[in-house]
Q: 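Got a structure for you, questions after.
Letters A, B, ... mirror the listed sequences (proteins, then strands); counts begin at 1. These numbers come from a predicted model, not from an experiment.
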Amino acid sequence: MSREDLKQMAQRIQDDKKKYAYTIFACNASGCIPSGSEAVFEALKNCVKDRKLEDQVRVVSCGCMGICAQGPIVRVDPDQSIYQKVTVENAHRIIDEHIIGKTPVKDMLLFSHEKEPLINSFEETFFKKQKRVVLRNCGRIDPQSIDDYIAEGGYQALEKVLKRMGPEEVIAEVKHSRLRGRGGAGYPTGLKWEVVYKYVSDKKFVVCNADEGDPGAFMDRSVIEGDPHRVLEGMIIAAYAVGAQKGYVYIRGEYATAIKPLETAIKQAKKNGFLGETIMGTTFKFDIEIRIGAGAFVCGEQTALIASIEGRRGTPRPRPPYPAEKGLWGYPTLINNVETFANISAIIVHGGEWFCETGTTKSTGTKVFSLAGKVKNTGLIEVPMGISLREIVYDIGGGILDDREFKAAQTGGPSGGCISKEYLDRPVDYESLVELGSIMGSGGLIVMDDTSDMVDVARFFMEFCMDESCGKCVPCRVGTKQMFDLLNKIYIGRGTMADLKVLEELAIFVKEASLCGLGMSAPNPLLSSLRFFKEDFLQHIQRNEKVVKPLI
Amino acid sequence: MKPPFPIEIDGKVIQVTEGQTVLEVCQANGIDIPVMCHFEGLPDVGACRLCLVELKGVPKLLPACTLRVAPNQVINTQTEKIKKYRKMIVEALFCERDHVCAICVANGNCELQDLAKKVGVDHMRFPDILQPLELDASHPYFVIDHNRCIMCTRCVRVCAEVEGAHNFDIKNRSYKVRIISDFNQPWGESKTCTSCGKCVAVCPVGALWSKSSYQGKIEKKKEAICDLIRKRKVNV
Ligand SMILES: Cc1cc2nc3c(=O)[nH]c(=O)nc-3n(C[C@H](O)[C@H](O)[C@H](O)COP(=O)(O)O)c2cc1C
């Protein structure tokens with residue numbers, strides 16, 4: 001298949017779609033399903049059929065549009081009207097009033113936090129500060145249709161790479177973009193690819209890490225649900241660049257709504273010659289298989305993930321050797337996060353230079369966050385790196401629920417930390433967050449208001465790490481339990497200042513002596529809470545000392 | 001034979017060859033590094049963290065048992081930080097389960113006890129996380145007492161890699177990890193156990209013992225297992 005063929009194909013699909021006067025996108029991603037979006041989708045389809053509008057109106061079940069708090073969300077194109085909290089009962093009004101009557105259903109339109117519900121006014125608040133690269137197609141195409149992806153320019157990056165670039169050029173372009181791994185640690189992606197490329201081996205592997213175990217995170221899941229082909233394309237390009245013949249997507253079993261579109265996408269890609277023996281008519285061959293995890297957080301760690309794919313108990317092993325040298329079955333293996341792969345096609349099409357234009361010098365591009373907690377607009381957002389926390393919380397998030405006081409933002413999940421009010425204006429990039437004792441993480445962002453008790457928060461994350469510790473190395477296995485017990489003791493008002501000291505000593509010990517990233521970062525939520533919210537701890541302890549003192 | 005090259009350990013220049021681990025080099029050169037999960041001849045897992053060393057240029061501490069020598073390495077094995085963590089690891093092991101020497105078969109014959117003396121643990125500074133666990137005496141010759149197990153997994157590895165039976169494995173996560181026999185069955189009902197006793201021989205503490213032993217009279221033929229592994233390697 002040549003570039004012209006692909007472009008013609010895209011054009012033909014677009015022309016085909018022009019016969020529809022309207023397209024209705026009904027979100028059917030994991031955020032909207034619990035609020036009944038599947039039934040809404042059926043209702044819309046039936047209604048269109050009833051009114052005999054099938055030739056003019058296309059109803060599409062699509063991925064996340066971001067505004068999860070207001071779901072189920074339905075968008076009507078080309079008008080770009082977004083309807084919120086659509087139900088089976090009122091779904092027909094969208095057809096009858098908007099499409100047949102040509103007047104938007106005002107009382108169902110998503111409103112901004114202004115008085116008058118307006119078409120697109122949500123664009124002004126929620127979407128204005130966002131930039132969609134990874135999520136470009138999410139909620140705008142049918143994730144189950146490869147045609148939709150091709151119509152949006154899909155697989156053109158792959159064509160460019162296969163026909164007109166050598167592996168070294170691909171790596172150079174990715175290096176040029178200064179893209180960093182979106183799985184948490186922020187390791188430069190181009191560099192990682194180069195390392196794998198340089199190892200000489202008859203077999204190499206590419207693995208997509210879709211384990212996403214952080215509580216409160218649903219970015220990778222949404223990307224796969226909404227635009228699975230983008231991830232596949234990134235993986236295929238990576239395989240070409242590093243010289244791999246086989247790829248795996250390691251995805252957690254709980255993500256049934258993501259596994260299905262992914263399976264469909266792999267089948268379609270094979271059928272259309274983007275995967276398999278002679279990809280796009282070249283001699284390059286690559287195949288992708290899905291591996292389903294059983295939901296252990298630690299299996300997101302690279303070496304544990306490898307063990308799990310190989311069919312062994314998912315426990316990490318010491319590095320070096322790194323997976324780039326000795327990965328799956330001892331062969332060089334490239335492991336990247338879903339979002340990292342999802343950035344690749346845009347970098348190839350528009351160039352590394354273009355990618356650098358967004359973000360800061362050291363953290364380029366955009367980052368997808370799942371915005372959760374006590375903000376008005378919870379949902380899935382994609383923002384340029386370097387944006388301030390304040391902009392995320394107050395502009396995109398619409399401020400704190402019930403207009404209460406902001407207390408802390410938790411980034412990086414159980415490996416990250418809590419950032420206090422004073423640092424709201426710090427840019428969100430890899431270095432700044434580490435400076436604040438947190439990490440970028442994979443993109444969970446939980447906002448807390450003044451009712452949150454930071455001892456409880458620290459305790460929650462410690463309990464998570466304790467449960468998820470694989471139990472292999474002593475510091476993490478014993479230390480997380482000891483820290484949890486101490487935090488619990490403080491929380492219930494039995495703690496003393498001496499406990500606080502022991503807690504701190506244990507935290508540093510676990511951080512420095514543990515085997516893998518889980519233990520090394522498990523004390524982060526505790527340490528950052530101690531740093532910024534020591535007051536909370538002291539309050540709990542003083543409560544105890546008041547009781548105890550008369551006894552001494 | 002690959003040509004030797006020098007690396008620096010604790011300020012001493014030592015000639016090493018590719019493929020050696022830092023632990024092997026230290027042991028051959030009289031540098032004392034405590035170990036627990038390591039057992040000569042078994043695959044190393046880097047789990048107990050007692051052999052952590054500092055490698056110049058690497059921010060994190062690395063276990064000597066899995067760290068391979070490479071040119072230009074500068075390694076420190078006895079810094080204050082490392083000594084402190086070694087002690088904390090031994091303390092952590094004591095806090096985890098029921099390690100009361102006075103009533104243990106391995107008293108006087110226990111690697112954990114020796115270690116405690118060596119790193120200077122004489123009381124517990126950290127909260128214990130004791131949980132009463134079961135003792136499995138269903139096997140005709142051997143007993144496993146989970147209360148004394150330190151999860152070094154030597155028994156798992158020796159059973160799978162040397163005996164080739166793979167009777168033992170691990171269940172659960174976190175502090176709830178446990179050694180299991182076959183599919184979490186009583187040891188006496190195991191279909192895979194060959195009753196060879198290698199697990200008992202390599203157990204560093206009093207978690208595995210033979211029914212014929214009593215306190216002060218436990219026999220741990222560790223050297224015999226090492227010898228066996230060495231001889232097999234030569235044959236290969
Ligand atoms: C305990 C633990 C859990 C992790 N979970 C994930 C995960 O769910 N998804 C992910 O992409 N990376 C996860 N990582 C990071 C991976 O180890 C690895 O760094 C990442 O997949 C590399 O991809 P990247 O370079 O594209 O970020 C985890 C790391 C640790 C230590």
Q: When heavy-atom pairs shorter than 4.5 Å are enumerated against chain B, which of T480(A), L506(A), D499(A) gives the highest number?
A: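 Most pairs with chain B among the choices: L506(A).
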Q: Report the option among I170(B), L50(B), D44(B), V58(B) that has the most heavy-atom pairs separated by less than 4.5 Å from atoms of chain A.
A: I170(B)
Q: Who among V502(A), I508(A), D467(A) has the most heavy-atom pairs with chain B under 4.5 Å?
A: D467(A)
Q: Within the distance-only criterion (no hydrogens, no angle test), does the side chain of T303(A) pair as donor or acceptor with the backbone N or O of R317(A) below 3.5 angstrom?
A: yes
Q: Looking at V478(A), V298(A), T315(A), which makes the most heavy-atom pairs under 4.5 Å with chain B?
A: V478(A)
Q: With rounding to the nearest 0.5 Å, note down the distance linking CG in L500(A) to CD in E505(A).
A: 12.5 Å
Q: Taking every non-hydrogen pair under 4.5 Å, which of V45(B), D128(B), L61(B) racks up the most with chain A?
A: V45(B)
Q: By a 4.5 Å heavy-atom criterion (distance strictly below it), what part of L486(A) contacts chain B: side chain, backbone, both, or neither?
A: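 Side chain of L486(A) only, per the 4.5 Å heavy-atom cut-off to chain B.
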Q: With distance as the sole test, does R459(A) use its side chain to make a donor-acceptor pair with the main-chain N or O of D485(A) at under 3.5 Å?
A: no
Q: Show your reasoning for whether salt bridge (Lys or Arg N to Asp or Glu O under 4.0 Å) applies to K56(B) and E8(B).
A: CA-CA 10 Å; K56(B) 202 171 161 193; E8(B) 193 186 310; over 6 Å; no
Q: Distance alone, cut at 3.5 Å: any donor-acceptor contact between the side chains of N524(A) and S415(A)?
A: no
Q: Over all heavy atoms of both residues, which pair between S469(A) and L518(A) is shortest? Give the atoms and the distance, please.
A: CA-CD2, 4.2 Å
Q: Taking side chain as everything from C-beta outward and backbone as N, CA, C, O, which of these in I89(B) sits under 4.5 Å from a heavy atom of chain A? Side chain, backbone, both or neither.
A: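 Both parts, heavy atoms under 4.5 Å.
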Q: Taking every non-hydrogen pair under 4.5 Å, which of G46(B), P63(B), P127(B), C37(B) racks up the most with chain A?
A: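 Heavy-atom pair counts peak at P127(B).
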Q: Taking the six-membered ring for Trp, are H99(B) and F94(B) parallel (under 30°), tilted (30 to 60°) or perpendicular (over 60°)?
A: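 Ring orientation of H99(B) relative to F94(B): perpendicular.
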Q: Quick one: what part of S514(A) sits under 4.5 Å from any heavy atom of chain B, side chain, backbone, both or neither?
A: backbone
